[in-house]
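We're numbering straight along the sequence, starting at 1. The shown structure was predicted, so the numbers you read here are calculated from the model rather than taken from an experiment.
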Amino acid sequence: HKVAQKRVTMVVTIPTPPTPSQGSTGTRSLQLVVTTHPPHIDESLLGRQVPGRTPGGRETPAVTTTTTLVHRPYDGPEEWWRHALVYEIPSPDLGAADLDRTDPIIEHALYLGMDAVLIRPSLLDVDTELDSIRRFIDKASGRGLRTIVRISGALGPITGPYAKQNTAFVTGLERAADDLLRRSEAYLQAGAAGIDLGTIVPPQLTSEIRLDRLSTYCAMLHGQLAEYVDEGILGADVTADYPESLRHHLQDDWVHHLRDDCLTLTRWNAESLTSHLTRSLDEHDRFGAPPTWRFLPPHILSEHLDPGDGQRWYSVDHEERLRRGLALQAMMLALPGSLYLRQGDEISLTDSDKPTAPLELADMVAEHTQVQSSQFGSPTATVRHAAHVRHEYNLACAPLAFVTGLEWCPPQTLAFLVRGVLVVVNTSDSSVTLPAEAKVLLSSQPLRQEEGRLLVPPTTTTWLEATTVA
């Protein structure tokens with residue numbers, strides 16, 4: 001059947017290229033007013049100018065849709081780490097015996113569609129037990145997975161009331177200073193694709209941290225990467241609460257995967273999500289670094305170590321927190337750049353329910369996956385399908401633009417366009433009724449149907465084919 005055409009005036013905000021001295025892109029923008037023709041959205045965001053009329057010949061009223069472009073894709077060489085999906089084993093409690101029993105972890109990462117796996121074998125003696133990690137790396141590589149090895153990092157929160165506590169930098173057999181370089185070289189010799197420093201505690205929190213000394217170690221690590229591996233990477237976690245330190249690690253230390261905590265610090269509303277996403281994209285884009293995402297911290301976020309202020313997205317009851325976590329996870333999987341998925345998050349397991357032993361957690365994940373894999377729309381099935389759609393639409397290398405003013409999408413709901421996919425995160429208290437022609441690609445929760453129209457319930461992220469919902 002024919003669909004009535006409508007004229008839509010689209011205001012496109014295009015930030016000019018930022019430089020470190022210019023600050024935020026928000027103060028330097030150009031505006032264009034164009035007219036597009038629903039139900040089509042041109043991939044470049046600038047559609048043809050075609051006025052719409054109803055079947056009776058009457059011209060429809062204009063609807064203003066504002067599309068703000070906040071991220072352009074990188075146009076240089078397309079290295080693997082710019083679009084990697086990394087399955088992260090956050091627990092440091094891995095030794096030689098554990099590494100020899102990690103086949104299920106490798107198989108599960110492949111099942112989800114991951115590109116790499118991150119491990120922290122803090123209990124490994126690199127002088128006598130290096131063969132065990134070499135076997136692990138060879139096994140993963142033989143199945144198409146790269147291995148990133150974490151050698152250090154804070155084990156607790158670095159923001160909020162507990163920021164100066166639980167910041168142990170090394171654990172197990174790890175030792176500080178030059179011993180970390182010895183461990184990193186051993187792992188790279190064994191075939192690792194990258195070295196991860198874990199969480200870097202900012203110098204604003206402790207006088208023990210000196211950025212100039214850390215930069216010296218980063219330079220040595222880059223030397224090791226150049227010697228032992230092609231396209232090797234350096235990764236680390238930082239907090240967005242201290243942007244000066246974040247910029248230092250991007251500009252001076254050349255950290256390839258610098259994960260900030262913007263998705264942990266956000267509140268559950270469209271304005272806060274937009275602000276945190278924009279700031280993270282801007283910080284990475286100004287230095288040509290790929291955005292790198294994780295929606296929960298690398299450590300176990302238990303109640304007594306909650307680094308929030310009582311207003312973060314996870315500061316709600318258990319069931320609502322699970323729903324929000326699934327919605328954020330689905331949103332994150334649509335974002336450009338690289339992302340890290342923590343072990344257990346793909347089955348919607350809260351940190352308080354996760355065993356600390358990685359192999360015990362792997363058994364629990366396998367058990368839940370076996371059940372969820374046959375359930376359409378389950379957390380595991382959604383992650384797996386999202387990885388497939390992400391690859392099919394090349395979302396990792398896509399521009400990102402926030403969209404407001406869609407007549408069917410209330411202002412309390414977050415919407416952004418990533419290539420041909422419109423992502424809707426319903427942060428409102430009411431269901432969102434989709435256009436009749438909407439093609440749903442995936443959803444973090446089941447959608448209801450009413451009078452032939454699909455409804456997106458609150459606390460749900462939905463991916464839509466953009467050409468069907470303009």
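- Taking both residues in full, the closest heavy atoms of V421 and L441 are given as CG2-CD1, 3.8 Å, listed atom of the first, atom of the second, then distance.
- Around the CD atom of E271, the shell of radius 6.0 Å holds no more than 12 heavy atoms that belong to other residues, nucleotides or ligands.
- At distances below 3.5 Å, at least one donor-acceptor pair connects side-chain atoms of R419 with backbone N or O atoms of Y393.
- With hydrogens and angles ignored, the 3.5 Å screen pairs a side-chain donor or acceptor of R312 with a backbone N or O of L265.
- Residues meeting the salt bridge (Lys or Arg N to Asp or Glu O under 4.0 Å) test with D103, sequence neighbours left out: K139.
- Between V440 and V456 there is no side-chain heavy-atom pair separated by less than 4.5 Å.
- Contact detail for A240 and L246: the closest heavy-atom pair is CA-CD1, 4.3 Å.
- A donor-acceptor pair shorter than 3.5 Å cannot be found between the side chains of S444 and Q329.
- The neighbour count for D230 CG, taken as heavy atoms of other residues, nucleotides or ligands under 6.0 Å away, does not exceed 12.
- Seen from the ring of W80, R146 counts as a face-on cation partner, given the 6.0 Å and 45° thresholds.
- In this structure, Q370 places its CD atom where only 12 or fewer heavy-atom neighbours from other residues, nucleotides or ligands lie under 6.0 Å away.
- Counting only heavy atoms from C-beta outward, the side chains of L341 and L85 never approach each other to under 4.5 Å.
- Counting only distance, with no hydrogens or angles, the side chain of S443 and the backbone of T462 share no donor-acceptor pair below 3.5 Å.
- Residues passing the side-chain contact (heavy atoms from CB on, under 4.5 Å) test with P446: none are found, sequence neighbours excluded.
- Side-chain contact between L69 and L417: absent, with no pair of heavy atoms (C-beta onward) separated by less than 4.5 Å.
- Taking the charged nitrogens against the carboxylate oxygens, E79 and R82 do have a contact shorter than 4.0 Å, which makes a salt bridge.
- Y87 is linked by a ring-ring contact (aromatic ring centres under 6.0 Å, His included) to H108, counting only residues two or more places apart in sequence or in another chain.
- Listed by chain and residue number, nothing satisfies the ring-ring contact (aromatic ring centres under 6.0 Å, His included) test with H249 (two or more places apart in sequence, or in another chain).
- Qualifying ring-ring contact (aromatic ring centres under 6.0 Å, His included) partners for W293, counting only residues two or more places apart in sequence or in other chains: none.
- Taking 4.5 Å as the limit, every side-chain heavy atom of T382 sits out of range of all side-chain heavy atoms of L326.
- When side chains are defined from C-beta on, L414 does not count as touching V424, because their heavy atoms never get closer than 4.5 Å.
- Judged purely by atom type and a 3.5 angstrom limit, R267 has no side-chain atom pairing as donor or acceptor with the backbone of L273.
- Legend: residues meeting side-chain contact (heavy atoms from CB on, under 4.5 Å) with A396, ordered by chain and number and at least two apart, are H83, R390.
- A salt bridge links D282 with R286: the distance from a Lys NZ or Arg NE/NH1/NH2 to an Asp or Glu carboxylate oxygen falls below 4.0 Å.
- Contact record, Y314 with T264: CE2-O, 3.2 Å, taken as the closest heavy-atom pair.
- Nearest heavy-atom pair across V255 and L250 is O-CD2, 4.2 Å.
- Partners of Y340 under the ring-ring contact (aromatic ring centres under 6.0 Å, His included) rule, at least two apart in sequence or in another chain, are H257.
- Distance alone, capped at 3.5 Å, places no donor-acceptor pair between the H71 side chain and the T278 backbone.
- In this structure, W313 contributes its side chain and L328 its backbone to no donor-acceptor pair below 3.5 Å.
- Using a 4.5 Å cut-off on side-chain heavy atoms (C-beta onward), T461 and V423 make contact.
- Residues passing the side-chain contact (heavy atoms from CB on, under 4.5 Å) test with H385 are H388, V389, L442, sequence neighbours excluded.
- When atom types are taken as modelled, the side chain of S378 and the backbone of Q372 share a donor-acceptor pair closer than 3.5 angstrom.
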Query raised in the report: Can S280 and D260 be said to form a side-chain hydrogen bond (donor to acceptor under 3.5 Å, both in side chains), step by step?
Result: CA-CA 7 Å; S280 186; D260 64 37; 2.6 Å; yes
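- Put simply, the side chain of W81 never gets that close to the backbone of A193: no donor and acceptor are under 3.5 Å apart.
- For the salt bridge (charged side-chain N to carboxylate O under 4.0 Å, His left out) condition, no pair includes a residue of residues 364-377, sequence neighbours left out.
- Heavy-atom contacts from other residues, nucleotides or ligands closer than 6.0 Å to CH2 of W408 number more than 12.
- Under the 4.5 Å side-chain criterion, counting only non-hydrogen atoms from C-beta, L361 is in contact with L349.
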Query raised in the report: Could you walk me through whether E407 and T65 pass the side chain to side chain contact (heavy atoms under 4.5 Å, CB included) check?
Result: CA-CA 8 Å; E407 59 180 330; T65 300; over 6 Å; no
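- Residues T380 and Q375 are not in side-chain contact: their nearest non-hydrogen atoms beyond the backbone lie 4.5 Å or more apart.
- Listed by first and then second residue, the salt bridge (charged side-chain N to carboxylate O under 4.0 Å, His left out) pairs involving residues 106-116 are E107-R143 (not counting sequence neighbours).
- With hydrogens and angles disregarded, a donor-acceptor distance shorter than 3.5 Å links the side chain of S373 to the backbone of T369.
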Report task. Evaluate the criterion side chain to side chain contact (heavy atoms under 4.5 Å, CB included) for residue pair H284 and L258; output intermediate values, then yes/no. Result -> CA-CA 9 Å; H284 286 79; L258 192 67; 4.2 Å; yes
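- Between the side chains of T460 and N426, no donor-acceptor pair is found at a separation under 3.5 Å.
- T459 is linked by a side-chain contact (heavy atoms from CB on, under 4.5 Å) to W268, E320, R323, R324, counting only residues two or more places apart in sequence or in another chain.
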Query raised in the report: Where do R294 and E88 land on the salt bridge (charged side-chain N to carboxylate O under 4.0 Å, His left out) test, with the steps shown first?
Result: CA-CA 10 Å; R294 189 204 283 113; E88 177 180 0; 3.0 Å; yes
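- Annotation: cation-pi geometry not satisfied between R247 and F287 (NZ/CZ under 6.0 angstrom from ring centroid, within 45° of ring axis).
- Residue pairs that meet the side chain to side chain donor-acceptor pair (under 3.5 Å) test with at least one member in residues 347-358, sequence neighbours left out, are R342-D351, D345-K354, T350-S352, T350-D353, D351-K354.
- The side chain to side chain donor-acceptor pair (under 3.5 Å) test with R259 is passed by exactly one of T199, T292, D196: D196.
- Here the side chain of S141 pairs no donor or acceptor atom with the backbone of I137 at under 3.5 angstrom.
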